[in-house]
> 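One structure follows; several queries about it will come next.
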Amino acid sequence: MTSESFQPIKGMADLAPPAIYLWQRLEETTRDILARYAFDEVRTPVMERTAVFKRSLGDTTDVVQKEMYSFTDRGGRDLSLRPEGTAGVIRHVAGSGQAAQDARLYYIGPMFRSERPQAGRYRQFHQLGVESIGAPCPAADAEVIALQAHVLSAWGLKDFRMELNTRGLPEDRQRVADGLRAALEPDLDRLCEDCRRRYAQNPLRILDCKNAACRDIADRLPPVTEFMSAEARTYLKEVISLLERLEIPVTENPRLVRGLDYYVHTVWEITHAGLGSQDALSGGGRYALTFGNQTIEGVGFAMGLERIITALTGQGLDPGSLAKPPSVWLISQGAAAFDENLVLMQSLRLRGVSCAMDLRGRSMKAQMRAANRANSRYVVIRGDHEMEQGTFQLKNMADGVQEELDMPELMQRLTSGTDRVCPDTEEEE
RNA sequence: GUGGGUGUAGCUCAGUUGGUUAGAGCGUCAGGUUGUGGUCCUGAAAGUCGCGGGUUCAAGUCCCGUCACUCACCCCA
């Protein structure tokens with residue numbers, strides 16, 4: 001590394017070619033699929049009043065307590081960069097009146113958490129989130145989960161695993177915590193240090209401890225649904241049977257835990273092997289959030305796009321293969337040809353042909369190399385001979401075949417359908 | 001916040017028990033073809049060996065500190 005000052009700050013990255021081609025592809029596919037499910041995009045600010053997050057995520061959550069970028073602005077307002085997307089969307093919906101309470105919305109954008117970075121974890125990261133608001137019934141949960149599976153396979157992702165559980169109703173929580181504590185008490189001194197702390201604070205978290213001894217103990221616990229109301233159990237069963245009918249493969253995992261406070265009923269997670277320790281691609285669930293005198297009920301998920309990118313490239317997808325090279329590279333010899341080519345280039349672009357040329361007046365060989373490196377499909381050569389004759393050499397870079405054409409012929413060839421590069425069918429090798 | 005690993009050319013890395021002008025491959029640029037890319041050949045540019053201090057006749061190599069990157073824990077996408 002040269003000077004550290006050229007680097008973005010810790011945990012944040014420039015999204016640049018070639019990786020950016022994959023980001024663009026993901027976003028295009030996403031918008032297409034979400035439109036099919038009749039979801040609309042919403043773009044909320046990346047900053048909110050800190051209270052928005054405290055109220056919706058729970059002000060005892062780690063995300064709120066120690067991971068937010070919070071500050072006081074010049075007006076004395078307590079603001080934070082958003083650590084997740086749901087709170088802002090719900091704030092928006094709550095403020096938009098009755099009609100918007102049936103909102104079906106999605107967002108794509110950066111989120112910020114002040115954590116120590118590691119594989120799959122960044123301080124600025126990007127999420128695709130979907131919120132289906134105002135239909136408090138299992139069909140809404142199943143629809144969103146089906147949508148999520150659809151998006152993942154449309155991106156070309158393989159070998160992901162969906163696991164489902166229920167958080168129960170708010171009034172179930174105390175019973176679950178008490179029930180787990182009672183069941184764990186005999187083994188309390190065999191739990192790891194973290195889990196002994198969790199026993200007091202949040203016994204649910206013991207279920208997904210990575211420590212082997214804790215896992216053994218957790219394996220023998222009754223499923224959390226045992227401590228829940230019949231309503232919670234029925235809701236979960238209905239979601240699962242709907243997913244079976246939609247042929248969405250999910251696994252029920254009674255040990256699955258989701259951290260944010262706002263979840264009720266269904267919670268789920270999608271993981272992918274080969275992401276390292278942070279193997280969750282996505283997490284979702286049903287929630288009830290109170291803003292002012294309104295309670296907004298919804299179901300949704302957030303996907304970590306950096307992790308998706310890691311999984312896709314790990315599958316062998318080369319982001320560079322998604323680049324959109326220029327169809328034509330213009331090559332000039334001499335100042336007059338250079339000047340004419342600038343005009344021709346603009347004219348081609350106005351007619352829909354992507355093209356480029358070397359602007360530094362380098363040697364023909366250097367220009368050819370540049371055209372080749374840019375992966376241009378064609379090269380148009382213009383030198384003294386062509387300037388005299390009023391012609392152009394059109395060279396096909398794939399087979400090396402070169403033809404001499406006049407202006408009408410050239411335009412015809414380059415603007416007709418067959419000779420234009422289709423961005424989605426690149427050559428492979 | 002806690003712990004481990006790593007910092008040598010644009011990239012990937014080599015550098016022997018400390019020993020003269022720090023190397024390779026890829027990439028870049030140029031030439032071999034004064035009008036032609038992708039292959040081949042030749043050459044060139046490019047490194048304050050992360051930074052600071054220390055030990056030593058001598059430090060890329062050893063010691064200390066520091067910064068950065070990285071992996072893991074807590075927690076989470």
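A, B, ... follow the sequence lines: proteins, then strands. Residue 1 opens every chain.
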> C1' atom, B/rG50 versus B/rU6: distance in rounded Å?
11 Å

> Can you tell me if A/Lys66 touches the phosphate of B/rC74, counting only side-chain N or O atoms and a distance under 4.0 Å to OP1 or OP2?
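Looking at the OP1 and OP2 atoms of B/rC74, neither is under 4.0 Å from any side-chain N or O of A/Lys66.
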
> By the 4.0 Å heavy-atom rule, please label A/Glu115 as base, sugar-phosphate, or nothing.
base

> Which part of the nucleic acid, if any, lies within reach of A/Ala370 when heavy atoms closer than 4.0 Å are counted: base, sugar-phosphate only, or nothing?
nothing

> For the pair A/Val353 and A/Val328, evaluate side chain to side chain contact (heavy atoms under 4.5 Å, CB included) and give the outcome as yes or no after the intermediate values.
CA-CA 8 Å; A/Val353 179; A/Val328 180; 3.8 Å; yes

> Just how far, in rounded Å, is P of B/rG38 from CD of A/Gln402?
15 Å

> Nearest whole angstrom, please: distance from the P of B/rU2 to the CD of A/Gln118.
16 Å

> What nucleotide among B/rG31, B/rC69, B/rA77 has an atom nearest to a side-chain atom of A/Lys10?
B/rC69

> For A/Tyr37, does the six-membered ring have the charged nitrogen or CZ of A/Arg104 within the cation-pi criterion, i.e. under 6.0 angstrom from the centroid and within 45° of the normal?
no

> B/rC71, OP1 or OP2 - any side-chain N/O from A/Arg116 closer than 4.0 Å?
no

> How long is the line joining CD of A/Gln7 and P of B/rG50, in whole Å?
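For the pair A/Gln7 CD and B/rG50 P, the rounded distance is 14 Å.
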
> Between B/rG19 and B/rG32, how far is it from one C1' atom to the other, in whole Å?
41 Å

> Using a 4.0 Å heavy-atom cut-off, does A/Asp62 contact any base of the nucleic acid, only the sugar-phosphate backbone, or nothing at all?
sugar-phosphate

> Among the candidates B/rC74, B/rA77, B/rG37, find the nucleotide nearest to the side-chain atoms of A/Lys210.
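The listed nucleotide nearest to A/Lys210's side chain is B/rC74.
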
> Does A/Arg349 CZ have over 12 foreign heavy atoms under 6.0 Å away?
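Count over threshold, so yes.
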
> Look at the side chain of A/Gln278 and decide which nucleotide, out of B/rA72, B/rA77, B/rC73, has an atom nearest to it.
B/rC73

> Using the C1' atom as the point on both nucleotides, what is the distance between B/rU12 and B/rC75, in whole Å?
35 Å

> Check the distance between B/rU36's P and A/Gln333's CD and give it to me in whole angstrom.
9 Å

> May I have the step-by-step check of side chain to side chain donor-acceptor pair (under 3.5 Å) for A/Gln127 and A/Glu84, ending in yes or no?
CA-CA 8 Å; A/Gln127 288 187 332; A/Glu84 57 95 62; over 6 Å; no

> Rounding to the closest angstrom, what is the interatomic distance between B/rA45 and B/rA9 at atom C1'?
11 Å

> Dump the intermediate steps for ring-ring contact (aromatic ring centres under 6.0 Å, His included) on A/His265 and A/Tyr287, then the final yes or no.
CA-CA 8 Å; A/His265 280 311; A/Tyr287 49 83; over 10 Å; no

> Say you pick atom P in B/rA77 and the same atom in B/rU39; how far apart are they, in whole Å?
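Rounded to whole Å, the distance is 47 Å.
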
> By nearest atom, which of the nucleotides B/rC75, B/rU36, B/rC71 is closest to the A/Arg197 side chain?
B/rC75

> With a cut-off of 6.0 Å (strictly less than), are more than 12 heavy atoms of other residues, nucleotides or ligands near CD of A/Gln389?
yes

> What nucleotide, of B/rU36, B/rC73, B/rG38, holds the atom closest to the side chain of A/Ile381?
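Selected nucleotide (nearest to the side chain): B/rU36.
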
> Please report, rounded to the nearest Å, how far the C1' atom of B/rG37 is from the CG atom of A/Asn375.
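Those two atoms, CG and C1', are 11 Å apart.
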
> Report yes if a side-chain nitrogen or oxygen of A/Ser376 is closer than 4.0 Å to either non-bridging phosphate oxygen (OP1 or OP2) of B/rG37; otherwise report no.
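Checking A/Ser376 against B/rG37: no side-chain N or O falls below 4.0 Å of OP1 or OP2.
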
> Quick one: is B/rC29 close enough that its OP1 or OP2 comes under 4.0 Å of any side-chain N or O from A/Arg362?
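So the side-chain polar atoms of A/Arg362 do come within 4.0 Å of the phosphate oxygens OP1 or OP2 of B/rC29, strictly under.
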
> May I ask you to decide if A/Gln278's main-chain N or O and A/Arg121's side chain share a donor-acceptor pair within less than 3.5 Å?
no

> If the threshold is 4.0 Å, N to carboxylate O, is there a salt bridge linking A/Arg255 and A/Glu269?
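A/Glu269 and A/Arg255: not salt-bridged.
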
> Considering every strand and a 4.0 Å limit on heavy-atom distances, what is the contact class for A/His385: base, sugar-phosphate, or nothing?
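The answer is base, as A/His385 lies within the cut-off (heavy atoms under 4.0 Å) of a base atom.
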
> Check whether any side-chain nitrogen or oxygen of A/Arg382 sits under 4.0 Å from OP1 or OP2 of B/rG35, and answer yes or no.
no

> If the cut-off is 4.0 Å, is A/Arg373 near the phosphate of B/rU28, judged by side-chain N/O to OP1 or OP2?
yes

> If we take the C1' atom in both B/rG7 and B/rU48, what is their distance in whole Å?
15 Å

> Would you classify A/Gly276 as touching base, sugar-phosphate or nothing, given that sugar-phosphate means primed atoms plus P, OP1 and OP2, and contacts are heavy atoms under 4.0 Å?
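Sugar-phosphate only.
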
> If the P atom of B/rC64 is compared with that of B/rC69, how far apart are they to the nearest Å?
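Roughly 23 Å separates the two P atoms.
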
> If the C1' atom of B/rU33 is compared with that of B/rU61, how far apart are they to the nearest Å?
48 Å

> Can you identify which nucleotide, out of B/rU36, B/rA77, B/rC73, has its nearest atom closest to the A/Ala280 side chain?
B/rA77

> Contact class for A/Ala398 (heavy atom, under 4.0 Å): base, sugar-phosphate, or nothing?
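Here A/Ala398 touches the bases of the nucleic acid.
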
> With sugar-phosphate meaning primed atoms plus P, OP1 and OP2, does A/Glu269 contact a base, only sugar-phosphate, or nothing at under 4.0 Å between heavy atoms?
nothing

> Nearest whole angstrom, please: distance from the P of B/rG3 to the CD of A/Glu193.
14 Å

> Does A/Arg121 put a side-chain nitrogen or oxygen below 4.0 Å from OP1 or OP2 of B/rA72?
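So the side-chain polar atoms of A/Arg121 never come under 4.0 Å of the phosphate oxygens OP1 or OP2 of B/rA72.
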
> If you only use heavy atoms from C-beta on, which nucleotide in B/rA30, B/rG37, B/rA72 is closest to the side chain of A/Ala366?
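Comparing B/rA30, B/rG37, B/rA72 against the side chain of A/Ala366, the answer is B/rA30.
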
> Considering only side-chain heavy atoms of A/Lys365, which listed nucleotide, B/rA77, B/rC29, B/rG37, is closest?
B/rG37

> Check every atom of B/rC69, B/rA77, B/rU36 against the side chain of A/Met364 and return the nucleotide holding the closest atom.
B/rU36

> Should the pair A/Arg31-A/Glu41 be classified as a salt bridge under the 4.0 Å nitrogen-to-oxygen rule?
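A salt bridge is present here (some side-chain N lies under 4.0 Å from a carboxylate O).
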
> With distance as the sole criterion, do the side chain of A/Asn372 and the base of B/rG37 form a donor-acceptor contact below 3.5 Å?
yes

> Find which nucleotide of RNA chain B each of A/Gln393 and A/Ser363 is nearest to by heavy atoms, and output the residue with the more 5' nucleotide.
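Of the two residues, A/Ser363 wins.
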
> Scan A/Phe301 against the nucleic acid and name what it touches under 4.0 Å (heavy atoms): base, sugar-phosphate only, or nothing.
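Nothing, no nucleic acid heavy atom in range.
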
> Please report the closest heavy-atom contact between A/Ala232 and A/Gly168, naming both atoms and the distance.
CB-CA, 3.8 Å

> Checking side chain to side chain donor-acceptor pair (under 3.5 Å) for the pair A/Thr391/A/Asp406: CA distance, chi angles, key distance, verdict?
CA-CA 4 Å; A/Thr391 58; A/Asp406 64 18; over 6 Å; no

> Using a heavy-atom cut-off of 4.0 Å across all strands, would you classify A/Glu386 as base, sugar-phosphate, or nothing?
base

> Round to a whole Å and report the spacing from CG of A/Asp384 to P of B/rU34.
15 Å

> Could you provide the dot-bracket string of RNA chain B, using ( ) for intrastrand pairs, [ ] for crossing pairs and | for bases paired to another strand, with Watson-Crick or G-U pairs below 3.5 Å?
(((((((..((((.....[...)))).(((((.......))))).....(((((..]....))))))))))))....

> Is it true that, when you exclude A/Met47 itself, more than 12 heavy atoms of the residues, nucleotides or ligands shown sit nearer than 6.0 Å to its CE?
no

> Atom CG of A/Asn396 and atom C1' of B/rG37: how far apart are they, to the nearest Å?
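Result: 12 Å.
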
> Any base atoms under 4.0 Å from A/Arg113, or only sugar-phosphate, or nothing? Heavy atoms, all strands.
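Touches a base.
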
